[in-house]
Undergrad: 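I am attaching a structure below and will ask some questions about it afterwards.
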Amino acid sequence: MTQLTPQPGIMDIALYQGGAAHVKGVSNVVKLSSNENPFGPSPRAVQAMQDAAANMHRYPSSDHAALRQAIGEVHGLEPEQIICGAGSDEIIAFLCQAYAGPGDEVLYTEHGFAMYRISALAAGATPVEVKERERVTDVDALLAGCTARTRLVFIANPNNPTGTMISEAEVARLADGLPDGALLVLDGAYAEYVEGFDAGAALIGTRSNVFMTRTFSKIYGLGGARIGWGYGPREIIDVLNRVRGPFNVSSTALAGAEASVRDTDYVDHCRTENAKWRAWLANALAELGVPSDVSSTNFILARFSSQAEAEACDLYLQAQGLIVRRVAGYNLPTALRITIGDEDSCRRIAQGVKAFKEGQA
Ligand SMILES: *Cc1c(COP(=O)(O)O)cnc(C)c1O
């Protein structure tokens, strides 16, 4: 029998750990571990996907023109500079596959999103982790981490799992300081939670070394549909389209995403509710001695006094049917990431942490 050997780097990939959805022996669980929208997709998106289901014998559009047009209209962007993928994860993978190979370096920060490392390794490139400053992206550290071999620099802004963000001026300083041959990728998965924020799109108009990724998995509530998009210079879109499979996105996902992006009232409603209950929950936990940084996302990163306390609180919450996320894998062992659910979920979390703290005393 032939011994099959995977490409270098592949066996260094640790499998992605998704948020748990069940607790053994506990019913009525609330899943607050994957930053999903507690209100689900827009009713218009659900209708559009149901309508599309009747035509599933047809292959989907391969140029995604209708969705790119809708995104362009709503966000004021050029449809020709948009590419759609099976989640923004696929766009991240395209970027690594197209621009980073053996000997090349892919930078990201110490509490950066897991897919940057995974996609870099899958492409055979060398992942390079750079320090943050108190759970905030550190532009100086990223610039200092660049070498002549740097090809891609990923930052999520706002970031997951910290919830923090840096200013447009800082992002511009990062872009302008990168060495030639390196591309800055701005992951805007949570951009819609920041009112009026363009996720860095304006920087792309004046630069050739900035790219933006976006997703329908968070505020649009379409994580199950697997659809996201990227925006960048035409040359880069052209390169990525050569890597992309012609039917990478399903017709139901395209229909749901198009209806979602046009339903701006629904997005506004979700953003407003999220901001309200995020502030309420952060304050309630702070009063219990569990601080968090100001979050620009749909989750908060709750900090405990030790790893043991964070893990004990996680187990306590699980027993109440409340599933949050451990983030030790993101170099944050003393913290728990808690998605902002609806009012009832937030109240249950605050109640649960309170009871946990009282039980400890
Ligand atoms: C959730 C998330 C994504 C979205 O991934 P999809 O593949 O679009 O579901 C991307 N980046 C970050 C930082 C995220 O938290």
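Counting starts at 1 for both ligands and their atoms, following the listed order.
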Undergrad: Can you tell me the protein heavy atom closest to atom 4 (C) of ligand 1 and the distance?
TA: Ser88 OG, 3.3 Å
Undergrad: For ligand 1 and Tyr116, I'd like to know whether there is a polar contact (N/O to N/O, distance under 3.5 Å).
TA: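 No, no N or O pair falls under 3.5 Å.
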Undergrad: For atom 15 (O) of ligand 1, tell me which residue out of Tyr220, Tyr190, Trp229 has the closest non-hydrogen atom.
TA: Tyr190
Undergrad: Identify, for atom 11 (N) of ligand 1, the protein heavy atom at the shortest distance, and state residue, atom and that distance.
TA: Asp187 OD2, 2.6 Å
Undergrad: Would you say Val185 and Leu143 are hydrophobically clustered, going by side-chain heavy atoms of ILVMFWY under 4.5 Å?
TA: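 Different clusters: Val185 never reaches Leu143 through Ile, Leu, Val, Met, Phe, Trp or Tyr contacts under 4.5 Å.
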Undergrad: Between Ala156, Ala114, Ala225, Ser217, flag the one that comes closest to atom 9 (O) of ligand 1 by a heavy atom.
TA: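 Considering heavy atoms of Ala156, Ala114, Ala225, Ser217, the nearest to atom 9 (O) of ligand 1 sits in Ser217.
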Undergrad: Hey, would you say the His75 and Tyr231 ring centroids sit under 6.0 Å apart?
TA: no
Undergrad: Measure the spacing between CD of Gln7 and CG of Leu121 and express it to the nearest 0.5 Å.
TA: 13.0 Å
Undergrad: Quick one: SG on Cys313 to CD on Gln318, what's the gap to the nearest 0.5 Å?
TA: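 Interatomic distance, Cys313 SG to Gln318 CD, rounded to 0.5 Å: 10.5 Å.
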Undergrad: Pull out every atom of ligand 1 sitting under 4.0 Å from any heavy atom of Gly87, numbered as shown with elements.
TA: 6 (P), 7 (O), 8 (O)
Undergrad: Run Arg173 and Asp140 through salt bridge (Lys or Arg N to Asp or Glu O under 4.0 Å) and show every step you take.
TA: CA-CA 9 Å; Arg173 188 164 75 84; Asp140 293 310; 3.0 Å; yes
Undergrad: Can you list the ligand 1 atoms lying under 4.0 Å from a non-hydrogen atom of Asn160?
TA: 13 (C), 14 (C), 15 (O)
Undergrad: Under a 4.0 angstrom heavy-atom cut-off, which atoms of ligand 1 come close to Ala189?
TA: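 Counting atoms of ligand 1 from 1, those under 4.0 Å from Ala189 are 2 (C), 3 (C), 10 (C), 11 (N), 12 (C), 14 (C).
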Undergrad: Could you tell me the separation between the CZ atom of Arg325 and the CG atom of Asp314, rounded to the nearest 0.5 Å?
TA: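 Between atom CZ of Arg325 and atom CG of Asp314 there are 11.0 Å.
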Undergrad: What is the nearest protein non-hydrogen atom to atom 7 (O) of ligand 1, stated with its residue, atom name and distance?
TA: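 I find the closest protein heavy atom is Arg226 NH2, 2.7 Å.
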Undergrad: Less than 4.0 angstrom from a charged side-chain N to a carboxylate O is my criterion; do Glu129 and Arg117 meet it?
TA: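 Between Arg117 and Glu129 there is no salt bridge, as every charged N stays at least 4.0 Å from the carboxylate O atoms.
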Undergrad: Among all protein heavy atoms, pick the one closest to atom 1 (C) of ligand 1 and tell me residue, atom and distance.
TA: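 Answer, as residue, atom name and distance: Lys218 NZ, 1.3 Å.
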